Enquirer: 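Just dropping this structure here.
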Amino acid sequence: MTAHSGVDEVIETWAVTNVKKLFDKWAGKSARFAYSSGLRPFEYFQISINPPCEGHVVISARSIDTDDDTEFEREWEGATDKLAAMLNDATKTVMDWIKRSPANDS
């Protein structure tokens, strides 16, 4: 049993459709996160899902690297039964970041 066992089925269903690889460990501990490549060279974004706590879960989306040094970050927190909807919102948000207008000097 892992820290994410109560929500793994929802996360895995989301991952099959939205990411190439779902990571399940970080520094030897249970983790759930995935990366998305941007449309521009060397751009990467991450969506991570914290372990649920007392029926709630937190999702974070952030830029790892962008070609124009723009930093993006957003969090969603809600009941575990809303996880699928929050993951869809996080995915849409990252896609909006990926599809943003090019920087003036790009």
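Nothing here was measured: the structure is a model prediction, and the numbers come from that model. All values below come from the heavy atoms of this structure, side chains included, with hydrogens, waters and symmetry mates left out.
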Enquirer: Just to verify, what does W76 make a ring pair (Phe, Tyr, Trp, His ring centres under 6.0 Å) with, not counting sequence neighbours?
Expert: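 Partners of W76 by the ring pair (Phe, Tyr, Trp, His ring centres under 6.0 Å) criterion come out as none, since no residue qualifies.
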Enquirer: Which residues pass the side chain to side chain contact (heavy atoms under 4.5 Å, CB included) test with A84, sequence neighbours left out?
Expert: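 Side chain to side chain contact (heavy atoms under 4.5 Å, CB included) list for A84, sorted by chain: V10.
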Enquirer: Please set out all donor-acceptor pairs under 3.5 angstrom arising from side-chain atoms of residues 44-54, sequence neighbours excluded.
Expert:
unit_1: Q46; atom_1: OE1; unit_2: R62; atom_2: NH1; d: 2.8
unit_1: Q46; atom_1: NE2; unit_2: Y35; atom_2: OH; d: 3.4

Enquirer: Verify the cluster assignment for V7 and F33: are they in a single hydrophobic cluster under the rule of side-chain heavy atoms below 4.5 Å apart?
Expert: no
Enquirer: Could you tell me the separation between the CD1 atom of I64 and the OG atom of S37, rounded to the nearest 0.5 Å?
Expert: 11.5 Å
Enquirer: Should V19 and M86 be regarded as members of a common hydrophobic cluster, given that ILVMFWY residues are connected when their side-chain heavy atoms come within less than 4.5 Å of each other, either directly or indirectly?
Expert: yes
Enquirer: Using the test salt bridge (Lys or Arg N to Asp or Glu O under 4.0 Å), find all partners of D96 that sit at least two apart in sequence or belong to another chain.
Expert: K92
Enquirer: Test of understanding: with side chain to side chain donor-acceptor pair (under 3.5 Å), list the residues that count as partners of T66, not counting sequence neighbours.
Expert: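 Only D68 meet the side chain to side chain donor-acceptor pair (under 3.5 Å) criterion with T66.
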Enquirer: Below 3.5 Å, can you tabulate the donor-acceptor pairs from side chains in residues 11-18 to any protein atom, sequence neighbours excluded?
Expert:
unit_1: T13; atom_1: OG1; unit_2: E9; atom_2: O; d: 2.9
unit_1: W14; atom_1: NE1; unit_2: T91; atom_2: OG1; d: 2.8
unit_1: N18; atom_1: ND2; unit_2: W14; atom_2: O; d: 2.9

Enquirer: Return the set of residues passing side chain to side chain contact (heavy atoms under 4.5 Å, CB included) with S5 (not counting sequence neighbours), or none when no residue passes.
Expert: M1, T2
Enquirer: As an exercise, state the distance from NE2 of H56 to OG1 of T80, rounded to the nearest 0.5 Å.
Expert: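 Spacing of NE2 (H56) from OG1 (T80) equals 8.5 Å.
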Enquirer: What pairs of residues pass the salt bridge (Lys or Arg N to Asp or Glu O under 4.0 Å) test when at least one of them lies in residues 24-33, not counting sequence neighbours?
Expert: D8-R32
Enquirer: Applying side chain to side chain donor-acceptor pair (under 3.5 Å), name anything that partners S60, two or more places apart in sequence or on another chain.
Expert: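 If we apply the side chain to side chain donor-acceptor pair (under 3.5 Å) test to S60, skipping adjacent residues, the hits are E75.
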Enquirer: Do L83 and V58 sit in one hydrophobic cluster, given that two such residues count as connected whenever their side-chain heavy atoms are within less than 4.5 Å of each other, even indirectly?
Expert: no
Enquirer: Grab the two heavy atoms, one from V94 and one from S36, that are nearest each other, plus how far apart they are.
Expert: CG1-CB, 4.3 Å
Enquirer: For E73, does the CD atom have more than 12 heavy-atom neighbours from other residues, nucleotides or ligands under 6.0 Å away?
Expert: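 Correct, the count exceeds 12.
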